[in-house]
2 protein chains.
Amino acid sequence: MSPKKAATGPVLPGAVWLRKRPPRRGQHGLTRERIASEVVAQLDRAGLDGLNLRAVAAALDVHPTTLYWHVAVRDDLLDLAVDAVFAELPLPDRPAEDWVDGIRTFMHDLRMALLAHSWSGALASSRPLLGPEALARSEFVYAALARAGFTGDELAAAAAAVTNLVIGSVAAEASWQDGDELTARRAVQEHLQANAHIYPAMAELSFETSAWAAQFAHSAEFLLAGLAEKARH
Amino acid sequence: MSPKKAATGPVLPGAVWLRKRPPRRGQHGLTRERIASEVVAQLDRAGLDGLNLRAVAAALDVHPTTLYWHVAVRDDLLDLAVDAVFAELPLPDRPAEDWVDGIRTFMHDLRMALLAHSWSGALASSRPLLGPEALARSEFVYAALARAGFTGDELAAAAAAVTNLVIGSVAAEASWQDGDELTARRAVQEHLQANAHIYPAMAELSFETSAWAAQFAHSAEFLLAGLAEKARH
DNA sequence: ACCTGAACACCGTTCAAGT
DNA sequence: ACCTGAACACCGTTCAAGT
């Protein structure tokens, strides 16, 4: 009957946030916050595959199994880490005068926060974002789009489109930067040009300058233009 | 000097496709295709976390370590599986009369193919898609958008926006369906309403009917509207 | 309520050896 | 060229016991 067993049914992703959190700090002062920031640090250093419970515990100066008092499964650590990344996202307390500007800024800020932790895009795209920091950012997006005139299903869809485009773009971008990006790009380009008869349109493009930021900016403008048009009815 | 060591530098994601593939089939008739479809089958059954090399090998009736002749690392298996999913995506041989219709159909088809294998969205979002089947679909998108009038950076950005929005949306959707979705939704809604003072806009929405398909359709239309407007200059 | 310690089952990967 | 077999290092998780 420990807290970690309190969740009903199977462990579902994001479930850390729906369980009651242990409020008091133990004899080592171990809190979710301390655990989260250590996990972030190790993910930054070792990447998603490099993370391991024993190293996290060692850095926190506790026994590996101690962590199981604070989380139910390893994946919970990832949820804590992702929410910590969202906390880095600046959240304006006043809405922007022009809602399009507000959403645009949010999209670029979100991209930067996720890119600062290369593992976070992959996680944000594949796990429900239910932490308090992530929810606060969602609330901001909902509020901005509601002010733009969206309601009901369209409001939910517009908000989803905004976050899914950003997170999807960042995840794709980060997936290239895991290895040696330049070598990878050259290999792909060679491959495309060697098979130009199969991929004529793609072979024409030059990936020489991988201008990720500019490409993302264009992507964002495409969506913003569509949202603006629909908001006008 | 085995083939798996042929790649220069560190193992980068998607690298299976850039290495020369062993052309002939061995005494067990083990090919990349057979391995790929077995991996897909096991992922469908056990999920991403449930996949293990030993089980794959057993099902193929070979020794676990035999797989290392055909791939360099476990992740290569995932790349093979993702490309196999892309192969299920119907690819029209004639372009649509209206390019918007063509892209719209592609987006919905891609969503369906990825949703049919719940693990594939997470993988597609976090690994470069360099397999032949995935590239062929990208080529289709590039060609359609080029016909719409996009060129250079804007063409690349438009294509990226289309695939990233779809993959990002599917990954998010699938992340909810890993566990008991209904229970999860209810818990989240309770949580939002209990904290309605923090999340006023979100608390208002009813997540009763989780109409994923309708929401995705709206998201797609937002992007398509923006693309159409930009294409008109 | 929070942490320790021992122990278990599992799994990706290497490497030398076979045919 | 392709496959086997033994072996290694590692790692998430459990459970009973401590304070």
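The sequence lines fix the lettering, A, B, ..., with proteins before strands; numbering per chain opens at 1.
The phosphate of dC3(D) (OP1 or OP2) has a side-chain N or O of His70(B) nearer than 4.0 angstrom.
Interatomic distance, CZ of Arg111(A) versus CZ of Phe106(A), reported as 14.0 Å (0.5 Å rounding). Once rounded to the nearest 0.5 Å, the distance linking CE of Met112(B) with CG of Asp109(B) reads 9.0 Å. From Ile103(B), atom CD1 reaches atom CZ of Phe140(B) across 6.0 Å, with rounding to the nearest 0.5 Å.
Taking every side-chain heavy atom of Trp69(B) into account, dA1(D) is the closest of dG12(D), dC3(C), dA1(D). Taking the side chain of Thr65(A) as heavy atoms from C-beta on, and the options dC3(D), dC3(C), dC15(D), the nearest nucleotide is dC15(D).
Legend: residues meeting side-chain contact (heavy atoms from CB on, under 4.5 Å) with Ile198(A), ordered by chain and number and at least two apart, are Asn195(A). Residues meeting the ring-ring contact (aromatic ring centres under 6.0 Å, His included) test with His108(A), sequence neighbours left out: Phe216(A). The salt bridge (Lys or Arg N to Asp or Glu O under 4.0 Å) check on Asp79(B) picks up Arg127(B), with sequence neighbours excluded.
At whole-Å resolution of the value, NE2 in His63(A) and P in dC15(D) are 16 Å apart. Atom-to-atom, CG of Leu60(B) to P of dT4(D) comes out at 11 Å; the value is rounded to the nearest Å.
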> Given pairs defined as Watson-Crick or G-U wobble with both distances under 3.5 Å, what dot-bracket annotation applies to DNA chain C, with ( ) intrastrand, [ ] crossing, | other strand and . unpaired?
Replying inline: ||.|||||...|||||.||
Pairwise N/O distances under 3.5 Å, protein to nucleotides 9-11 of chain D:
unit_1  : atom_1 : unit_2   : atom_2 : d
dC11(D) : OP1    : Asn52(A) : ND2    : 2.9

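Within 6.0 Å of atom CD in Glu204(B), 12 or fewer heavy atoms from other residues, nucleotides or ligands are found, so the atom counts as exposed in its surroundings.
Listed by first and then second residue, the side-chain hydrogen bond (donor to acceptor under 3.5 Å, both in side chains) pairs involving residues 113-125 of chain A are Asp44(A)-His117(A), Asp44(A)-Trp119(A), Glu88(A)-His117(A), Ser125(A)-Ser125(B) (not counting sequence neighbours).
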